[in-house]
Each structure stands twice: as C-alpha cells, then as structure tokens.
Amino acid sequence: MSQEKLQQVIDKGLCTRCGTCVGLSNGKITFEDKTGVYLPVIHTPLTDAEASRIWNGCSAKEVNWPELTKFCFPENRRVHPYLGVYRELNIGFATDFSVRRSAGSAGVITATLFYLLDTGQIDGAVVLGMDEKAPWQNKPFIATTREEILQSAQSKYTISSNNEILPEMERFPGRLAYVGLPCQVHSIRKLQAVNDPAVRNIVYIIAPYCGLNLHFSSVNSFLRAHGASDYTKITRLKFREGEWPGHMRVEMSDGRVMELKKFFANYLIPFHIMKRCWYCIDGSNEFADISVGDAWAPVYEERGKGFSIVVSRSEKGTKLLHKMKADGVIDLIPQTEAQAVKMHSHMFDNKKRGAFIRIARKRVHPEYHLPEPENIGFGRRVFESILQLIYALLRTRLMTWMVDKLPSEWVGRTFDRFKVFWKKRTYNIKRDKL
Ligand SMILES: Cc1cc2nc3c(=O)[nH]c(=O)nc-3n(C[C@H](O)[C@H](O)[C@H](O)COP(=O)(O)OP(=O)(O)OC[C@H]3O[C@@H](n4cnc5c(N)ncnc54)[C@H](O)[C@@H]3O)c2cc1C
C-alpha cells in the first residue's frame, strides 16, 4: 500500500527530491540521472516495513503543519503567519571576514557549525558540498572538520538530496548538526516525530531560507549561453562566488571562466524552476532551530560584505546564538517582525498565498492540514493566473531555445530590469492584506 503511495507521489510530480526514500530503501530506490529529470526510481519491491518507514518521512504528500509545529516547539506560544514560530529576529553575520566572504550570504550557518564543532557540542555536520569526482554536481556528506565545513559553504541552486545519506547519519558515532532545505527538514522532523533511528543523532537543525530550487538544466543553459555545451568539462561551479550577493561562476577544464552576477543569473529561474516548489509553503525553513536567509533590504544590499536575516526558533537555538555573539563569533542586530517580513515580502506572498492558490487548483497536491489563508483577494488570484501564464510561455521549447542563444549578461540584465519593474507594478497586489 505505502509503496503505491510513494509511486503516486513520483508520478504526480509531488516528489521534492529530498532523498529520504533513497536513503531508507536499502538500495531499492535510486535517483535517475541527477543531471536530467532527477526522480527516484523504485527498482525492487519494498517490504511493508521499508515502505511505511519511508512514508513516515516522506515530505512530498503530507506535512501536518499544526502537529509538526507542536512537536518541534512544544513550549511555543504563537505562530506567526509568515515567519512561523520564532523567538528572536536579527540581522547577523560571521565576524571572521574570511568565513563571511566564503559563504552564501554572511557565513552565519558556517560559523555556527564551526562553533558547535569547536565547543564539542557536535561531532559532525550534515552538509552539502560539490562532488570532487563530478564537480558540476552537489553531494551531501558528513563534515567532521572545519576544513570540510568550509568546503560546503555557499548556496547550491540545483536540486539536492541531503537525506540520501540517512544510513550514514544513523551509523555516525556522535552528535550531528543538520543543514538542509525546508523540504529536507520536513522529512527529518517527521522522522524525529516517530523516533526513527536514522535521525536520533541530530541535535541541531541550522537551515537556509529557500524560495525555490532549479533543475540541473539551468547549468546546461548557462553553459550554452556562453557557447559551451559539455557540463562534464566543468572543474568548479559556484553560485555565490565573491562579494555578497556574489556571482554564478563556472570554470572549465580548458581554462574558460564564465561569470554572471547572482541577480542576473536569476533569469534562469522561470525556465528551470523545479515545479514542486510552486506547492511549497515554507520559505523560511520553519522547523529549524535557526533559519538563515539573505537580508534583502537596500540598507544592507548597498553595503555589500554580506548580511543575513537570522531567525531563532527553539530555546536551544536562541541560547546558542546568544553564546556565539557573547564569544564574538557572530554579530547580531535585532529586527522587528515588520522588517523581517518586508525583507522577504515577495517570497512570503508567494509561499503563504500564491502556493495556496496553486494548491487549490491542483487535483493531487501536498496536504498541509492548514486552511487557505483568509487574506487572498480577487486581485491576488487574477495576478496568480497571469503569473502562471507567463511562466508557461517562458517554459515553451521555443523560449528556452531562444534564451540559450542570447548572451547571458544581456538576458540577465534585461530580466533584472523587468523584475524591478514587475515588483514595483505588483507591489500593491502582493502587499494587499499581507
Ligand atoms: C536552493 C536555495 C534557495 C534559497 N532561496 C533563498 C531565498 O529565496 N531567499 C533568501 O533570503 N535566501 C535563500 N536561500 C538561502 C541563502 O542563499 C543562504 O543559504 C542563507 O542566507 C545562508 O547563508 P550563510 O552565508 O549563512 O550560509 P553558508 O555559511 O554559506 O552555508 C550554507 C549551508 O547551506 C547548505 N546548502 C547549500 N545549498 C544547499 C542546498 N541546495 N540544499 C541543502 N543544503 C544546502 C550547505 O551545506 C552549507 O552548510 C536559498 C538557499 C538555497 C540553497
């Protein structure tokens, strides 16, 4: 029965690729070509025990938000409609500039993992690095040294499957911190709720915000736009290289380097977004102990260097941040709720209203056990229809073919200008009742 449900999740496009099924399947499920469609394939029938264990941790079809909230934050008093449960909101950054510079936004995640390791609170951290043998592909692993943690710094904007290594986490002889995207964290928390042994070593979840993720085709498209075609010639791939917000940078075996500002590289989003992300309602990683996102506000963007919004949710996460600040590892500047929401208002609108509209329009969809928010007006629904139409047009073969023929710098700059215009024009619709 559960195996049928898993197959349905895959067939109906609900799979988040979090890797839980692969990790818990005893080798019976693997991912098909990660540079292609990237779907799990069930090769051998699962036993009932295997299938129900996987189903317990699968975040694709069902995440019972109210129950998981109670489980993760039993002491909680209030759930914020956009930010989830939180205790403190801060702008933060690593005080060690080399960490801050090497990281995705401000190095808070990396600095926190360093601190936990240095102070003996963990023995390892589940992180995502790049595969040494296939440097175009990301790869989850357990980092046990500062060097390994640093290797994993920076955001990887292609599909990742951190929970593939659940068996390693289960065997790991010590305490672990876990870093993962919201869909991956949902699975981890679901498994913790049923006391699954694979997650019993995890003592902290320190996790990034996530608006969406992209298929590997985005990297291929980037290469084609630069006149290259063979991704196996990539020797180094970074999505947030250099000064915040950073550059997408690809180095090839023949010495070629292709680089594009992060904001310009966002042009790849409409063409390569993983469709499942449209139905995800969690942008700020609501079940982590500490969540970290970019501080998208002009006052910080102007300064460069790297600033993050840091949301502490659990008591232990909050205490940890205080201790790190007292020990001079990170700096924290308190923020109001309004500031934290404004910084990501487009994402919150997309996750907390757009996703609910899309869910209501999809026959087989993820279940979150939450009512549709009341603040979705007629204008917002019409806007959603227009948005989906634009995305559908952009995803046609003709458009994807055309965009690969144009210089990425030009497409990126044009996309960025359009985005600024679009944000201004839709500001009122998106803010209305938010
Ligand atoms: C796919 C994706 C989408 C994101 N979308 C947004 C957004 O819309 N808005 C926003 O404000 N922030 C977003 N972020 C978060 C942002 O890019 C930074 O990761 C975050 O601010 C933490 O920065 P940092 O400098 O503290 O992290 P770092 O110190 O650089 O550490 C990053 C950690 O994240 C892990 N990691 C990186 N990529 C992945 C991945 N694909 N899957 C699982 N783990 C990963 C690494 O293992 C590393 O430990 C996104 C991140 C990712 C990976």
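Whatever order the structure lists them in is the order used to number ligands and atoms, beginning at 1.
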Query - Protein heavy atom at shortest distance from atom 38 (N) of ligand 1 - result: Lys156 N, 3.0 Å

Report task. Give the single entry among Asp294, Ile206, Thr158 that approaches atom 12 (N) of ligand 1 most closely by any heavy atom. Result -> Asp294

Query raised in the report: Say you draw a straight line from CD1 of Ile202 to CZ of Arg200; how long is it, rounded to the nearest 0.5 Å?
Result: 11.5 Å

Requested in this report: Considering only NZ, NE, NH1 and NH2 on the basic side and carboxylate oxygens on the acidic side, decide whether Arg240 and Asp294 come within less than 4.0 Å.
Outcome: yes

Query - Centroid separation Trp422 to Phe383 less than 6.0 Å - result: yes

Report summary line: Filtering Ala111, Ala103, Ser152, Ala125 for the heavy atom nearest atom 48 (C) of ligand 1 leaves Ser152

Report summary line: Nearest heavy atom to atom 28 (P) of ligand 1, choosing from Leu212, Thr110, Val127, belongs to Thr110

Query raised in the report: ligand 1 versus Asn162, non-hydrogen atoms closer than 4.0 Å: side chain, backbone, both, neither?
Result: side chain

**Report entry** Pro208 neighbourhood, listing ligand 1 atoms whose heavy-atom distance to it stays under 4.0 Å
**Finding:** 15 (C), 19 (O)

**Report entry** 4.0 Å heavy-atom contact, Gln184 with ligand 1
**Finding:** yes

Query raised in the report: Roughly how far, to the nearest 0.5 Å, is OG of Ser161 from CG of Leu166?
Result: 11.0 Å

Query raised in the report: Counting each atom of ligand 1 from 1 as listed, which ones have a heavy atom of Asn213 under 4.0 Å away?
Result: 1 (C)

Only distances under 3.5 Å count here; give the side-chain donor-acceptor pairs of residues 87-94 to other protein atoms, sequence neighbours excluded, each with its distance to 0.1 Å.
| residue | atom | partner | partner atom | Å |
| --- | --- | --- | --- | --- |
| Arg87 | NH2 | Glu75 | OE2 | 3.2 |
| Glu88 | OE1 | His322 | NE2 | 2.9 |
| Glu88 | OE2 | His322 | NE2 | 3.0 |

Query - Side-chain (Lys133) to main-chain (Asp131) donor-acceptor, under 3.5 angstrom - result: no

Query - Where ligand 1 meets His344 - atom numbers and elements under 4.0 angstrom, heavy-atom basis - result: 10 (C), 11 (O)

Report task. Using a cut-off of 6.0 Å, state whether more than 12 heavy atoms not belonging to Lys319 lie near its atom NZ. Result -> no

**Report entry** Listed partners of Arg146 passing salt bridge (Lys or Arg N to Asp or Glu O under 4.0 Å), at least two apart
**Finding:** Asp118

**Report entry** ligand 1 N/O within reach of Gly180 N/O, cut-off under 3.5 Å
**Finding:** no

Requested in this report: May I ask you to decide if Val179's main-chain N or O and Asn162's side chain share a donor-acceptor pair within less than 3.5 Å?
Outcome: yes

Requested in this report: Assess whether salt bridge (charged side-chain N to carboxylate O under 4.0 Å, His left out) is satisfied between Glu251 and Arg256, documenting all intermediate values.
Outcome: CA-CA 6 Å; Glu251 294 173 22; Arg256 280 188 70 185; over 6 Å; no

Requested in this report: Using distance alone, determine whether Ile109 and ligand 1 share an N or O pair under 3.5 Å.
Outcome: yes

Report task. Identify the protein heavy atom lying closest to atom 52 (C) of ligand 1, giving its residue, its atom name and the separation to 0.1 Å. Result -> Tyr157 CE2, 3.6 Å

Report task. Mind running ring pair (Phe, Tyr, Trp, His ring centres under 6.0 Å) on Trp278 and His365 for me, showing each step along the way? Result -> CA-CA 11 Å; Trp278 285 120; His365 54 72; over 10 Å; no

**Report entry** Sub-6.0 Å ring centroid separation between Phe415 and Tyr267
**Finding:** no

Query - Donor-acceptor pair, side chain of Arg175 and main chain of Gly120, under 3.5 angstrom - result: yes

Query raised in the report: In this structure, which one of Asp404, Val411, Thr400 forms a side chain to side chain contact (heavy atoms under 4.5 Å, CB included) with Ser221?
Result: Asp404

Requested in this report: Return the residue, atom name and 0.1 Å-rounded distance of the protein heavy atom closest to atom 35 (C) of ligand 1.
Outcome: Val179 CG1, 3.6 Å

Requested in this report: Using a 4.0 Å heavy-atom cut-off, say whether Gln154 meets ligand 1 through its side chain, its backbone, both or neither.
Outcome: backbone

**Report entry** atom 23 (O) of ligand 1: the protein heavy-atom neighbour that sits closest, reported with distance to 0.1 Å
**Finding:** Ser105 OG, 3.0 Å

Report task. Could you find the nearest protein heavy atom to atom 51 (C) of ligand 1 and give me its residue, atom name and distance? Result -> Tyr209 O, 3.5 Å

Requested in this report: With heavy atoms only and a cut-off of under 4.0 Å, state how Arg100 meets ligand 1: side chain, backbone, both or neither.
Outcome: neither

Report task. Number the atoms of ligand 1 from 1 as they appear, then name those within less than 4.0 Å of a heavy atom of Arg240, with their elements. Result -> 17 (O)

Report summary line: Interatomic distance, OH@Tyr279 vs CE@Met274, rounded to 0.5 Å, equals 12.5 Å

Query raised in the report: What protein heavy atom is closest to atom 19 (O) of ligand 1, reported as residue, atom name and distance in Å?
Result: Ser155 OG, 3.0 Å

Query raised in the report: Hey, which of Thr235, Leu237, Leu260 is the one that makes side chain to side chain contact (heavy atoms under 4.5 Å, CB included) with Val250?
Result: Leu237

Query raised in the report: Taking distance alone, with no angle check, do Gly211 and ligand 1 share an N/O pair under 3.5 Å?
Result: yes

Report task. Say whether Ala106, considering both its backbone and side-chain N or O atoms, lies within less than 3.5 Å of an N or O atom on ligand 1. Result -> yes

Query raised in the report: Ala153 to ligand 1: N or O pair under 3.5 Å?
Result: no

**Report entry** Side chain, backbone, both or neither: the part of Ser160 lying under 4.0 Å from ligand 1 by heavy atom
**Finding:** side chain

Query raised in the report: Looking only at N/O atoms, are Gly104 and ligand 1 under 3.5 Å apart anywhere?
Result: yes

Query raised in the report: For ligand 1, which atoms, with element, lie under 4.0 Å from some heavy atom of Gly293?
Result: 11 (O), 12 (N), 21 (O)

Query raised in the report: Does Val108, backbone or side chain, put an N or O under 3.5 Å from an N or O of ligand 1?
Result: yes

**Report entry** Top protein contact for atom 47 (O) of ligand 1, by heavy-atom distance
**Finding:** Leu128 N, 2.7 Å

Report summary line: closest protein heavy atom to atom 20 (C) of ligand 1 is Val292 O, 3.4 Å

